[in-house]
Amino acid sequence: MASERRGHRSISSCILLVAVVLLLSAPGSSASCYKRIFSFGDSIIDTGNFVAPNALKEFPYGMTFFHHPTGRVCDGRVLLDFYAQALGLPLVQPSLPEQRSGQCTFGANFAVFAATASPEYFKRWGLGIPGSANLGMQMGWFKEVLQRIAPGPGARRLLGESLIILGEIGGNDYNFWLLNNNKTRETAYQFIPDVVNRIISIAQELIDLGAKTIMIPGNFPIGCVPKYLNDHQTGNRADYDQFGCLRWYNDFSMRHNTALSNEVNRLRARHPWVKLIYADYFGAAMEIFRNPHRFGIGDPLVACCGGGGRYHVGTCDKHSTIMGSPANCANWDGIHMTEKAYNVIADGVLHGPYANPPLLHSC
């Protein structure tokens with residue numbers, strides 16, 4: 001009888017093992033989606049490429065999840081981290097520390113703090129950004145790594161089984177202009193075609209190299225960002241929407257996003273065999289501002305780490321005041337969001353409805 005029970009347990013274990021294997025290998029299973037992630041962008045997803053001495057290497061950065069600074073401009077994880085974890089992959093490592101030696105087994109992150117989509121408009125409009133790592137530079141680093149880890153025809157196979165995350169990028173092209181009070185804000189409308197075209201041209205280049213899945217996110221609702229709210233305060237209630245965000249700046253973000261989404265659709269029509277995912281970061285973030293208490297967030301327009309005033313905007317460093325717990329805040333330092341807010345946004349991208357198609361349904 002004991003032998004019979006052991007036999008039943010053995011059979012049950014085998015059935016369970018087979019079921020698990022089938023589940024993990026089924027279409028749409030996160031464990032079988034992609035073997036690695038390659039990402040490009042700015043400080044929104046920089047995981048340690050900005051290596052210059054700065055406050056990012058000090059507490060309170062990294063206090064929430066890692067419990068020490070990691071180079072992320074956040075209290076904890078950023079969007080890229082949530083995507084990797086949901087897809088069953090290790091956290092994507094920054095590329096620059098091991099640019100010439102890393103094996104990039106699970107991909108690499110080329111995003112850098114203060115990066116822009118395109119440098120061309122700087123000369124045209126007389127705006128210089130010292131040390132900015134634009135999208136073209138990141139693409140150059142990527143090609144160097146690709147040539148080293150997968151030379152020749154191996155590159156197409158490697159990219160075909162990888163997820164490419166192209167952004168968010170382009171926000172700084174506008175931020176560096178719009179946050180300078182001496183500049184005319186309407187001029188920024190003229191940047192949109194150049195910024196969007198640059199993003200799409202890099203996407204096309206990645207497709208030519210063999211990429212089969214590319215996610216291209218739009219911009220955030222910058223009219224809800226504490227730095228914008230602080231620097232562009234007005235006494236006119238008509239300048240603000242029902243959530244306390246600045247209408248003009250959110251409308252500007254939507255104009256960029258519409259142009260980008262339209263171009264993604266055109267690119268998709270030219271390459272129907274490529275999975276092109278447009279991620280609506282604007283819509284996902286607005287969920288927080290529409291109903292912050294649903295996510296346990298107090299005032300979503302106030303920076304968690306910073307200075308004083310209505311929006312608590314100031315330098316975030318080891319001397320700054322932390323407004324309560326980052327778990328109850330949407331914004332971290334006046335510009336960047338908290339781990340809590342990124343988690344909300346990532347969920348809308350991974351499961352829908354803020355990605356077309358949802359990232360976890362793209363397998």
Side-chain angles (χ1 to χ4, degrees), residues 41-48 55-87 90-92 111 113 168 217 220-230 243-245 279-354 359-360:
D42 55 28
S43 54
I44 299 299
I45 61 168
D46 186 351
T47 53
L56 301 182
K57 295 182 178 180
E58 300 176 339
F59 188 86
Y61 289 93
M63 63 181 289
T64 296
F65 181 80
F66 303 98
H67 306 299
H68 62 84
T70 64
R72 291 163 173 81
V73 195
C74 186
D75 63 298
R77 290 167 291 181
V78 294
L79 287 165
L80 179 60
D81 299 318
F82 287 108
Y83 298 145
Q85 289 178 324
L87 293 168
L91 300 186
V92 185
F113 181 94
E168 177 272 337
F220 294 88
I222 60 174
C224 303
V225 171
K227 175 66 173 173
Y228 275 88
L229 289 162
N230 182 78
F243 311 114
C245 304
D280 179 12
Y281 282 3
F282 187 105
M286 283 305 300
E287 290 288 341
I288 298 169
F289 300 107
R290 290 190 184 99
N291 191 1
H293 300 297
R294 173 186 169 195
F295 306 105
I297 291 172
D299 186 347
L301 305 179
V302 173
C304 181
C305 177
R310 162 68 179 88
Y311 302 105
H312 196 230
V313 171
T315 301
C316 178
D317 58 24
K318 62 185 178 182
H319 304 294
S320 300
T321 301
I322 304 295
M323 296 285 285
S325 168
N328 303 123
C329 298
N331 188 278
W332 171 239
D333 62 355
I335 292 286
H336 308 89
M337 304 189 89
T338 57
E339 174 181 287
K340 179 64 170 287
Y342 286 141
N343 192 4
V344 173
I345 295 168
D347 187 69
V349 172
L350 288 162
H351 302 283
Y354 295 108
L359 185 53
L360 285 182

Note, Y83 side chain near L360 side chain (heavy atom, < 4.5 Å): no
Value rounded to 0.5 Å, distance of CZ in F82 from CG in L359: 14.0 Å
Residues which pass side-chain contact (heavy atoms from CB on, under 4.5 Å) with C329, listed by chain and number, not counting sequence neighbours: C304, T338
Nearest-0.5 Å distance, CG of residue L91 to OG1 of residue T47: 8.5 Å
Separation of N328 CG from M323 CE (nearest 0.5 Å): 11.5 Å
Which residues share a ring-ring contact (aromatic ring centres under 6.0 Å, His included) with F220, sequence neighbours left out: Y281
Side-chain touch M286/D280, heavy atoms, less than 4.5 angstrom: no
Stepwise side chain to side chain contact (heavy atoms under 4.5 Å, CB included) test for R310 and D299: CA-CA 11 Å; R310 162 68 179 88; D299 186 347; 3.1 Å; yes
Worked verdict on W332 versus I322 for side chain to side chain contact (heavy atoms under 4.5 Å, CB included): CA-CA 9 Å; W332 171 239; I322 304 295; 4.1 Å; yes
For a quick test of your reading: what N or O donor-acceptor pairs under 3.5 Å do the side chains of residues 72-79 make, sequence neighbours left out?
unit_1 : atom_1 : unit_2 : atom_2 : d
R72    : NE     : D81    : OD2    : 2.8
R72    : NH1    : T70    : OG1    : 3.0
R72    : NH2    : D81    : OD1    : 3.0
D75    : OD1    : E339   : N      : 2.9
D75    : OD2    : T64    : OG1    : 2.4
R77    : NE     : E339   : OE1    : 3.2
R77    : NH1    : Q85    : OE1    : 3.0
R77    : NH2    : E339   : OE2    : 3.1

For T321, all residues meeting side-chain contact (heavy atoms from CB on, under 4.5 Å), sequence neighbours excluded: H312
Nearest heavy atoms of C305 and P60, plus distance in Å: SG-CG, 3.8 Å
Side-chain heavy atoms of C245 within contact of L301, under 4.5 Å: yes
Any side-chain heavy-atom pair of D42 and E168 under 4.5 Å: yes
Shortest non-hydrogen separation from F289 to M337 and the atoms involved: CZ-CE, 4.3 Å
Contacts of type side chain to side chain donor-acceptor pair (under 3.5 Å), residue R290, not counting sequence neighbours: none
side-chain contact (heavy atoms from CB on, under 4.5 Å) partners for N230, two or more places apart: Q233, Y311, V313
Point-to-point distance, once rounded to the nearest 0.5 Å, from CD1 of I288 to NZ of K340: 9.0 Å
C316 side, atom SG; H336 side, atom NE2 - distance, nearest 0.5 Å: 10.5 Å
Short side-chain donor-acceptor distance under 3.5 Å, D317 and S320: yes
Side-chain heavy atoms of V302 within contact of N331, under 4.5 Å: no
From K318 atom NZ to Y61 atom OH, the distance as rounded to the nearest 0.5 Å: 13.0 Å
